[in-house]
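What you see is a predicted model, and the numbers here were worked out from it, not measured in a lab. Throughout, a chain's letter reflects where its sequence line sits, starting with A, and its residues are numbered from 1.
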Amino acid sequence: MKLIISEKEIAAKRIASILSGNGQKEEKVYGVSVYHIKLGKDECAVIGLKGHILKVDFPKEYSNWFKVDPVDLIDAEIEKTPIHKNIVQALKKVAGDASEVIIATDFDREGELIGYDAWQVAIGKNSLLNAKRAKFSAITNSDIGSAFAKLEKLDLNLAFAGRARQDIDLIWGAVLTRFISLASYQVKENFLSVGRVQSPTLTLIVDREMEIQAFVTTPYWVVNVKLKTDRGEEFEATHKKKRFLKKEEASKAFSKISGEGEVLDVNETIRSIAPPTPFNTTSLIVSANSIGFTAAKTINIAENLYMNGYISYPRTDNTVYTASIDLQEITKMLKVSGSFADACSDVLKQSKIIPSRGKKRTTDHPPIYPTFSVSRQSLSSDEWKLYELIVRRFLCTLLPPAQIKSITANINVSGEVFVANGSNIIKENWIKHYPYYKHEDVYIPNLVPGQKLKIIDREMLDKETKPPARYTQGKLVEKMEELGLGTKATRHTIIQTLISRGYIRGNPLVPSEKAIAVVKILKKHAEKISSPDMTSELEMDMDGIARGDETKDEVVEKSREMLKDVMVNLKNVKADISQEIKKAVKEDFIIGKCRQKDCDGNLIVRVSKKSKKRFIGCSAYPKCTSTFSLPQLGMILPTKDKCKRCDYPVIRIITKGRKPWDLCINGDCPGKDEKYKNYKSKKPGQKSSD
DNA sequence: GCAAGGTC
């Protein structure tokens with residue numbers, strides 16, 4: 001018997017079905033589905049994993065944060081232990097009868113490692129078991145057929161490269177997290193995490209906040225004139241200078257406006273606007289963010305749509321359709337349901353469909369596209385919004401570019417040059433079917449040089465330069481991809497991690513004081529982990545391992561030595577670190593201004609000496625004895641928001657496995673009971689969608 | 001209880 005191992009249960013089922021022409025027989029082994037099929041003359045069993053089945057960790061004796069010096073973790077042994085016990089059991093049992101293992105996990109580095117781990121588990125009872133590799137980029141008849149027709153060798157070096165990443169991430173993450181947390185007494189639920197991906201990501205947000213804080217606005221002035229042709233057509237033109245930095249100059253230009261205008265010259269250009277490229281995970285998150293979905297919400301809903309068979313696999317880097325996807329067939333299928341019939345017709349009436357393509361071409365999965373035509377009624381409103389976005393995006397990638405005409409006219413008004421810009425779409429093509437693309441036609445009439453224009457109004461506007469914008473979750477995911485931080489499957493969870501650590505909040509994202517302090521310390525004393533360079537260097541090392549130029553042990557050892565140097569520096573400044581973080585944490589704990597008359601204290605979180613319970617008190621105690629009660633569990637974050645009902649400060653309570661709870665501190669707030677009831681009805685462990 | 005990477 002041959003044993004085929006795939007990365008997930010749903011893929012196992014589809015592979016079994018394709019290889020057997022839907023002749024698979026399902027058996028449950030320790031609750032795990034195993035599909036029995038016949039492949040040529042061979043009996044085969046197909047089993048699906050749940051991603052990684054083993055995790056890395058330090059031995060138990062290192063688990064107490066207070067008893068182990070973080071530095072001792074650097075050279076500690078690293079163990080691999082099962083994550084999903086039933087799958088490991090089932091795998092071992094089925095492997096007992098196997099003569100060969102075929103690894104059919106995702107065609108990427110982690111897929112190779114997941115497959116290698118599964119093979120090692122399978123070998124346990126069967127020391128002669130060898131492994132082959134099926135490589136495919138889409139679970140379609142043709143791709144699966146050719147992958148199994150020419151099986152390859154499992155790429156051990158590629159798997160070891162993945163293993164190096166696991167070890168290095170664990171060592172650096174655990175050592176620095178424990179050190180920073182212990183140094184500042186931020187322990188238990190308040191611990192301060194540090195990691196190869198999360199820390200550079202946090203640095204992006206903090207750097208942006210610093211830029212905003214340091215930004216000095218400069219005033220400028222804009223001078224406009226409103227004009228009219230003989231035929232009565234009205235339009236606007238702006239002074240050629242656009243921004244006047246001196247008010248006197250703007251006033252001078254403004255006061256000169258009189259008499260009539262004369263067209264100096266007119267320029268027309270026609271621009272093509274290319275259709276959007278096929279969705280991968282990042283571009284889906286970015287687009288969905290602009291219609292109001294957080295990154296986590298997008299991923300949750302997409303996962304749902306995928307599990308129901310409505311869209312293709314949502315975790316992909318690829319932006320180029322693979323040849324085995326029949327774009328025309330999918331369009332025909334979508335046309336039937338009616339909601340997108342117009343767009344489908346436009347696609348199908350082309351003599352040849354030429355799909356757009358993005359810059360990233362990978363082997364992991366196809367781009368995200370609809371796989372089933374589903375009606376609006378059978379989805380929730382959010383599901384439909386996302387599904388519609390994916391369908392429209394898909395259809396637009398199959399349509400020709402739009403064309404936009406731009407007109408620029410220079411107009412002389414009393415010796416000053418004003419510029420009128422107009423633009424209008426002359427060929428809609430894909431834009432017609434993609435309402436998410438915002439384009440507004442700007443009208444200007446047909447003008448000819450020498451034409452005289454009547455002045456009907458003039459204005460001088462006071463403006464000022466604006467600081468750069470904070471990152472939205474979408475923009476952040478995009479930036480992370482650009483810098484190589486995280487993967488398609490983890491970028492949104494990294495953002496969630498930073499939120500649940502109390503480092504950042506909101507969308508756009510604002511860092512807390514402790515986030516600013518941690519980033520400052522890392523930049524100064526552990527620069528390596530605060531920068532995306534650590535990831536790019538790791539990528540190079542992993543490529544080296546995959547090529548066979550270096551070994552996994554050499555790379556991990558080199559990394560350990562580097563961390564030891566970093567720790568020597570950090571230990572020298574432990575007292576400063578402690579001071580700096582404690583100060584920031586204190587500032588984060590200012591809930592708002594005291595509400596008592598004539599008191600200028602701050603409301604802060606305090607702990608009662610008697611009962612050891614926490615509460616909100618005034619910093620002016622004992623002069624002011626104002627207090628508010630607090631929930632005793634969860635992390636407390638000030639939000640700087642005021643309660644809509646009673647205007648008292650609102651705090652956010654974050655408890656692991658629960659949706660964040662926004663709470664007004666006023667015990668007598670009219671909305672309080674209702675909010676608390678809402679919170680209580682959420683079960684622990686329930687997934688938060690924002 | 002630490003990370004980041006899979007998947008649910």
>> For B:dG1, is there a stacking contact with A:Trp65, counting only centres under 5.5 Å and planes under 30°?
In response: yes
>> Strictly below 4.0 Å: does A:Thr490 bring a side-chain N or O up to OP1 or OP2 of B:dA4?
In response: no
> Among B:dG1, B:dC2, B:dG6, which nucleotide sits nearest the side chain of A:Ala174?
Replying inline: B:dC2
>> Of the listed nucleotides (B:dT7, B:dG1, B:dG5), which one gets closest to any side-chain atom of A:Glu110?
In response: B:dG5
>> Expressed as a whole number of angstroms, how long is the span from A:Lys80:NZ to B:dG5:P?
In response: 15 Å
> Whole Å only: how far is the CG atom of A:Asp108 from the C1' atom of B:dT7?
Replying inline: 13 Å
> Expressed in angstrom and rounded to an integer, what is the separation of A:His365 atom NE2 from B:dT7 atom P?
Replying inline: 6 Å
> Does a salt bridge link A:Lys583 with A:Glu513, judged by any charged N lying under 4.0 Å from a carboxylate O?
Replying inline: no
> To the nearest angstrom, how far is A:Glu79 atom CD from B:dC2 atom C1'?
Replying inline: 15 Å
> From B:dG1, B:dA4, B:dC2, pick the nucleotide closest to the side chain of A:Asn64?
Replying inline: B:dG1
>> So that I can tick it off, tell me whether A:Asp543 and A:Arg547 are bridged by a salt bridge, with the cut-off set at under 4.0 angstrom between side-chain N and carboxylate O.
In response: no
> A:Thr487 near the nucleic acid: base, sugar-phosphate alone, or nothing, with a heavy-atom cut-off under 4.0 Å?
Replying inline: sugar-phosphate
> Should we count NZ of A:Lys475 as having more than 12 external heavy atoms under 6.0 Å?
Replying inline: no
>> Expressed as a whole number of angstroms, how long is the span from A:Asp364:CG to B:dG6:P?
In response: 9 Å
>> Looking at B:dA3, I'd like to know if its phosphate oxygens (OP1 or OP2) sit under 4.0 Å from a side-chain N or O belonging to A:Arg501.
In response: yes
> When we call it a touch if two heavy atoms are under 4.0 Å apart, what does A:Gly162 touch: a base, just sugar-phosphate, or nothing?
Replying inline: nothing
> CD1 of A:Ile87 versus C1' of B:dC8: gap in Å, rounded?
Replying inline: 10 Å
> Within the structure, does a side-chain N or O atom of A:Gln166 lie under 4.0 Å from either OP1 or OP2 of B:dA3?
Replying inline: no
> Are any of A:Lys8's side-chain N or O atoms less than 4.0 Å away from OP1 or OP2 of B:dT7?
Replying inline: yes
> Thinking salt bridges, do A:Lys524 and A:Asp576 make one under a 4.0 Å N-O criterion?
Replying inline: no
>> Taking side chain to side chain contact (heavy atoms under 4.5 Å, CB included) as the criterion, tell me which of A:Asn280, A:Asp364, A:Ile368 meets it with A:Asn318.
In response: A:Asp364
>> Output the rounded distance in Å from CG (A:Leu202) to C1' (B:dA3).
In response: 15 Å
> Is A:Tyr313 touching bases, backbone alone, or none of the nucleic acid, heavy atoms closer than 4.0 Å?
Replying inline: sugar-phosphate
>> Can you identify which nucleotide, out of B:dC8, B:dG1, B:dT7, has its nearest atom closest to the A:Asp106 side chain?
In response: B:dT7
> Do A:Arg109 and A:Glu112 sit within salt-bridge range, that is, some charged N less than 4.0 Å from a carboxylate O?
Replying inline: no
>> Check this for me: A:Lys558, atom NZ, are more than 12 non-hydrogen atoms of other residues, nucleotides or ligands nearer than 6.0 Å?
In response: yes
> Can a side chain N or O of A:Ser193 be found less than 4.0 Å away from OP1 or OP2 on B:dA3?
Replying inline: yes
> Just checking A:Lys50: base, sugar-phosphate only, or nothing, at a heavy-atom cut-off of under 4.0 Å?
Replying inline: base
> A:Arg165 has a side chain; which of B:dG5, B:dC2, B:dT7 sits nearest to it?
Replying inline: B:dG5
> When you match A:Leu170 and A:Lys488 each to their closest nucleotide on DNA chain B, which lands nearer the 5' end?
Replying inline: A:Leu170
> Any idea which of B:dG1, B:dT7, B:dA4 is nearest the A:Arg196 side chain?
Replying inline: B:dA4
> With sugar-phosphate meaning primed atoms plus P, OP1 and OP2, does A:Val175 contact a base, only sugar-phosphate, or nothing at under 4.0 Å between heavy atoms?
Replying inline: nothing
>> Could you tell me how far apart A:Ile83 (CD1) and B:dG5 (C1') are, to the nearest whole angstrom?
In response: 9 Å
>> Using a heavy-atom cut-off of 4.0 Å across all strands, would you classify A:Thr497 as base, sugar-phosphate, or nothing?
In response: nothing
